[in-house]
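Lettering follows sequence order; numbering is per chain, from 1. Just so it is clear, the model here is predicted, and its values are computed rather than measured.
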Amino acid sequence: MRRQGGFGPKGSAAVILKWIGSAIVIVSCGGMGFYFGAEVERRIRELRQLREIMFLLRGDVRYMRSPLPEAIGRIGERESGMWGRFFTSVAEELAGFDVPDFGQVFGRRINEIRKETALNRQDLELLVRFGEMLGKMDMEMQLNAFDWYLEQSGERLDKLVGQADKQITLHKSMGILAGVFLLIVLL
Amino acid sequence: MEGVVRVLATGLRGMVLKSGLTKEDVQEIRLRVGGPLIVNVKGQECFLTKDGKISSKCEEAYRVSRSEMRETVEYISNYSMYAFEEELRQGYITVAGGHRIGICGKTISEGGKVRSMKYISFLNIRIAHEVKGCADKVLPYLREGGQIKNTLFVASPGGGKTTMLRDVIRQLSCSGTTVGVVDERSELAACYQGMPQNDVGPRTDVLDCCPKAEGMLLLIRSMAPELVAVDEIGSAEDVRALHYAIGCGCRLMATVHGASLEELRKKPVLGELMQEELFERYVLLERKSDGCGVRAVLDQKGVRL
């Protein structure tokens with residue numbers, strides 16, 4: 001028994017559509033896999049960039065004794081992209097002297113970039129906790145806060161880099177496999 | 001006034017702004033936790049009420065809360081207490097605009113020296129006033145035959161020494177003298193990120209936040225000033241640096257706390273300076289609403305000119 005649409009002009013059009021549909025499913029799912037793989041790479045880049053920024057900020061605070069709005073404003077000018085904008089916005093809000101706590105301003109601005117950044121929830125929480133330590137007490141305390149953040153983020157980065165290849169391959173394969181699975185279910 | 005009050009907690013800021021007082025009127029704003037909000041207007045103590053009215057009755061005054069004090073300290077320190085450790089040890093922070101804020105609380109000592117301060121509960125915001133032209137009357141006495149006389153400005157706190165010295169610097173700089181200013185407390189030039197916020201003249205170099213003695217030597221070596229100006233001298237180190245400056249052929253202008261020459265003579269370090277007749281002019285100042293009341297100009301012997 002011939003299946004409807006198997007042959008003839010209508011049948012061949014349906015086959016073509018099926019092929020096109022299949023290709024779309026595979027490409028979309030595969031694309032998702034590649035996207036998540038790229039996000040892992042972006043998270044690594046962002047963590048590295050943030051650590052570099054914190055090294056610079058630490059130096060500015062330690063050797064120049066710059067107040068936070070000034071040091072952060074300079075970082076904002078120096079860095080491009082999202083983190084440059086982030087630090088500029090923190091410095092601008094601090095300059096207004098309308099919020100009594102540095103951590104509050106820092107935490108709120110981090111919340112605003114949650115959707116934009118590739119950092120995960122734990123990375124951002126670490127950053128928020130670091131912000132809560134800044135500006136308080138003496139120089140020793142500031143340097144301890146920087147060292148704490150650099151150590152914690154360093155551990156996270158090392159772990160991530162160690163697993164990155166596996167994670168990226170996994171995301172890509174899972175994407176393609178998810179596409180194949182969907183195709184089997186749909187066909 | 002907005003520039004000055006921006007370091008106050010937002011609630012207090014509103015009250016001072018509502019009062020309609022201008023920067024020129026106000027000399028000091030005093031904050032004490034649980035105490036009345038006090039404003040010194042043209043030498044007169046006034047109280048500010050919650051709705052920003054000026055009152056002479058203490059019981060009507062607004063009481064400053066602990067959280068408002070904490071918020072004000074955050075703004076004064078620019079969210080960065082660590083950056084002002086040295087200033088805190090000395091009991092004051094100078095904010096943008098050259099306004100000096102005296103700080104009191106519980107000190108943390110180490111080895112008999114003040115290391116830091118906590119529970120900051122008392123603040124005295126001294127508003128800096130730039131009065132251009134206030135040195136017009138004294139300037140003719142400070143020059144003789146084209147040469148600038150080494151001059152010491154003497155007044156009690158709030159007597160206008162810094163205001164007077166700033167205007168002298170500006171006028172001499174405008175008339176062609178290269179001036180080097182060691183601005184240890186950022187009150188003379190009120191530098192913000194290295195740029196003077198007060199007018200100190202076109203031929204003036206400023207070494208900001210630098211200890212006076214070290215700063216004088218540094219300035220002389222690096223900028224070759226004809227005149228070196230410093231605020232509030234007093235230590236033996238300062239005096240050594242003054243001698244060095246004189247030895248290098250520089251002229252000097254400085255300020256010092258004191259009510260009279262007799263009082264200065266009794267001070268160990270300054271007394272010796274006076275005996276040596278290092279300063280050729282003494283300008284005695286007194287507290288006035290515009291910060292520039294000249295009581296007398298004396299020569300090196302203490303004779304009135």
Just wondering, more than 12 heavy atoms not from A:M141 lying within 6.0 Å of its CE?
yes
Residues, nucleotides or ligands: over 12 heavy atoms within 6.0 Å of A:R129 CZ
no
Minimum-distance pair of heavy atoms, taken over all atoms of A:P100 and B:E74:
O-CG, 3.1 Å
With a 6.0 Å cut-off (strictly less than), is the heavy-atom count around CE of A:M139, excluding the residue itself, greater than 12?
yes
Interatomic distance, B:Y75 atom OH to A:L94 atom CG [nearest 0.5 angstrom]:
10.0 Å
With no hydrogens and no angle check, is any side-chain donor or acceptor of B:Y82 less than 3.5 Å from a backbone partner on A:S66?
yes
What's the spacing between A:Q142 CD and B:E85 CD if we round to 0.5 Å?
9.0 Å
Just checking A:R114: does its CZ atom have more than 12 heavy atoms from other residues, nucleotides or ligands closer to it than 6.0 angstrom?
yes
For chain B, which candidate among A:L68, A:L134, A:V105 shows the most heavy-atom pairs at distances under 4.5 Å?
A:L68
Could you state the interatomic distance from CZ (B:R70) to CG (A:D101), rounded to the nearest 0.5 Å?
10.0 Å
Quick one: does B:T10's side chain have a donor or acceptor within less than 3.5 Å of a partner on A:D98's backbone?
no
Interface check, chain A: of B:S67, B:A83, B:S116, most non-hydrogen pairs under 4.5 Å belong to B:A83
Hey, is CE on A:M174 packed in by over 12 heavy atoms from elsewhere, all under 6.0 Å?
no
If you count the non-hydrogen atoms of other residues, nucleotides and ligands that lie under 6.0 Å from CG in A:D158, is the total more than 12?
yes
